[in-house]
Asks: 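Let me give you the structure first, and then I'll get to my questions.
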Amino acid sequence: MRERSGVGVICGLLALLGALLTGCQSPSGGAAEDGRLGEQTTGSTGGTATVSPAPTRPSGYGAVFLAVGECSSFGTTSFTEVPCTGERAAARVAARHDGTVRDGPRCPSATDFVLHISEQRPASDEDGDGAVPQGYACMRNLQAPHPGDPGGGGGPRTIVGDCVYGSGDGQVRETACDGTGRREPQYKVVRAVTERADCPSPTALYVRLGGKRPVGCARPL
C-alpha cells in the first residue's frame, strides 16, 4: 500500500510540473501561433507598449516648395508660398522645373510670369522640408489680368495671337493688342510654322517663337 501511495504522489508532481512548463511556453508579445510577429512589445517593466507607425510628411501645401497647384504671394522677386485659399494668394503654379529657364523646359503658353527660385540649403532642417534646389515656377494669376493670354501684352512667351512692336534695334517686343500697353501694337502673330516658307503671303514680319514651330508669322495692323 505504501509503494502505491508513493508512486501516486510522484505522478501527481510530474503532472503539476508539466502544467507549469506549458504555461511558461504560451506566447506573450512575441511570435503568434501562426509564426507572425504580434502588434505589441513587452517593455523592461513587464507592461505592454503599442508600436506606432512611422510619421509621414503632410501632402499639399508645404510638402514641396511651390509644387504644381500651389500658390504664391504677390511679387516676382520677393514672394512666399501661401495657401491658395488665403487672402495673400496671388498666383498658382502651372509648372515647376529645376535649373534655369534658359536650360530647362518651356513654360506653358498661358503663363503670366515666372518665379526664379534660388537654391537654399539650410544648416538645420527642423520642419522636414529639406534643401530647395535652384529652379523656376511658371505662374498663372488667380484673377485677371492675364498678360500670358493671347494678345495680353506680357508673359514669358510670344504665342499666336500676341502683338508686337519694333524696338528699333532689329528686335520686337510684345505689347497689348488692345492698345492699353506703353506702346501701340504694330504687328500681330497669326500663325506658327516650322519654316518661313510656310507663312501666308500677307506676312510682313517673322517672330522667333521657339518650340516645335519656332517661326511666328506676323501681319501688320
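All values derive from a computational prediction rather than experimental measurement.
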Asks: What is the minimum heavy-atom distance between P145 and P147, and which atoms define it?
Replies: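 The pair with the smallest heavy-atom distance is O-CD, 3.5 Å.
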
Asks: Sub-3.5 Å donor-acceptor pair from the side chain of T158 to the main-chain atoms of L209, do we have one?
Replies: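 Judged by distance alone, no pair lies under 3.5 Å.
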
Asks: Between D112 (side chain only) and G148 (backbone N and O only), is there a donor and an acceptor less than 3.5 Å apart?
Replies: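 Yes, D112 side chain to G148 backbone: donor-acceptor pair under 3.5 Å.
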
Asks: Does CZ in R106 sit with more than 12 non-hydrogen atoms of other residues, nucleotides or ligands closer than 6.0 Å?
Replies: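 Yes - once you tally the heavy atoms of other residues, nucleotides and ligands closer than 6.0 Å, there are more than 12.
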
Asks: Might you point out which heavy atoms bring S72 and L66 nearest each other, and give the distance in Å?
Replies: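 The answer is CB-CD2, 4.1 Å.
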
Asks: With C163, which of E184, R183, K188, Q186 fulfils side chain to side chain contact (heavy atoms under 4.5 Å, CB included)?
Replies: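 The option that passes is K188.
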
Asks: Hey, is the main chain of C107 close enough, under 3.5 Å, to the side chain of R157 for a donor-acceptor pair?
Replies: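 Present.
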
Asks: Looking only at non-hydrogen atoms, find the nearest pair between P202 and P220 and report the distance.
Replies: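 Scanning both residues, the minimum pair turns out to be O-CD, 4.0 Å.
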
Asks: Is the backbone N or O of V189 less than 3.5 Å from a side-chain atom of R219, with the two atoms forming a donor-acceptor pair by type?
Replies: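 No.
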
Asks: Nearest 0.5 Å, what's the OH-CZ distance between Y165 and R182?
Replies: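 Interatomic distance, Y165 OH to R182 CZ, rounded to 0.5 Å: 8.5 Å.
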
Asks: P200 versus R191: any side-chain heavy-atom pair under 4.5 Å?
Replies: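 When only atoms from C-beta onward are counted, R191 and P200 do touch, with a gap below 4.5 Å.
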
Asks: Just by distance, do the side chain of R88 and the backbone of S73 share a donor-acceptor pair under 3.5 Å?
Replies: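 Judged by distance alone, no pair lies under 3.5 Å.
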
Asks: For H97 and Y136, take the angle between the two ring planes, folded into 0 to 90°, and tell me which bin it lands in: parallel under 30, tilted 30 to 60, perpendicular over 60.
Replies: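 Geometry flag for Y136 against H97: tilted rings.
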
Asks: Could you check whether any side-chain heavy atom of E70 comes within less than 4.5 Å of a side-chain heavy atom of R92, counting everything from C-beta outward?
Replies: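 SC-SC contact between E70 and R92 ruled out.
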
Asks: When rounded to the nearest 0.5 angstrom, what distance separates SG in C177 from CG in L221?
Replies: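 The CG atom of L221 is 7.0 Å from SG of C177, to the nearest 0.5 Å.
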
Asks: Hey, is the main chain of V164 close enough, under 3.5 Å, to the side chain of E174 for a donor-acceptor pair?
Replies: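 No.
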
Asks: Working to the nearest 0.5 Å, report the span between SG of C138 and CZ of R96.
Replies: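 C138 SG to R96 CZ: 10.0 Å, rounded to 0.5 Å.
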
Asks: Taking all heavy atoms of V93 and all of A67, pick out the closest pair and write down the distance.
Replies: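 Answer, listing the atom of V93 first, then A67: CB-O, 3.4 Å.
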
Asks: Any link between I159 and V114 through a network of hydrophobic side chains (Ile, Leu, Val, Met, Phe, Trp, Tyr) touching at under 4.5 Å?
Replies: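 Result: no, two separate clusters.
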
Asks: Just so I know, are the side chains of V207 and Y187 near enough to count as touching, which here means a heavy-atom distance under 4.5 Å?
Replies: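 V207 vs Y187: side chains apart.
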
Asks: When you measure from the side chain of Q134 to the backbone N and O of G99, does any donor-acceptor pair fall under 3.5 Å?
Replies: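 Flag not set: sc Q134 to bb G99 has no pair under 3.5 Å.
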
Asks: Looking at L205, D198, V160, V193, which one forms a side chain to side chain contact (heavy atoms under 4.5 Å, CB included) with C217?
Replies: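 Looking at L205, D198, V160, V193, the match for C217 under the side chain to side chain contact (heavy atoms under 4.5 Å, CB included) is V193.
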
Asks: For the CZ atom of R140 and the NE2 atom of H146, what is their distance to the nearest 0.5 Å?
Replies: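 R140 atom CZ to H146 atom NE2 measures 4.5 Å (nearest 0.5 Å).
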
Asks: For a quick test of reading the model, state the closest non-hydrogen atom pair linking C71 to A89 and the distance between them.
Replies: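 Smallest interatomic distance, heavy atoms only, reads CB-CB, 4.2 Å.
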
Asks: Is it the case that the side chain of D162 and the backbone of G151 share a donor-acceptor pair, with hydrogens and angles ignored and the cut-off at 3.5 Å?
Replies: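 The answer is yes, because a donor-acceptor pair under 3.5 Å joins these two groups.
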
Asks: Where is the tightest heavy-atom contact between A110 and D149, given as atom of each residue plus distance?
Replies: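 Heavy atoms only, the tightest pair is CB-OD1, 4.2 Å.
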
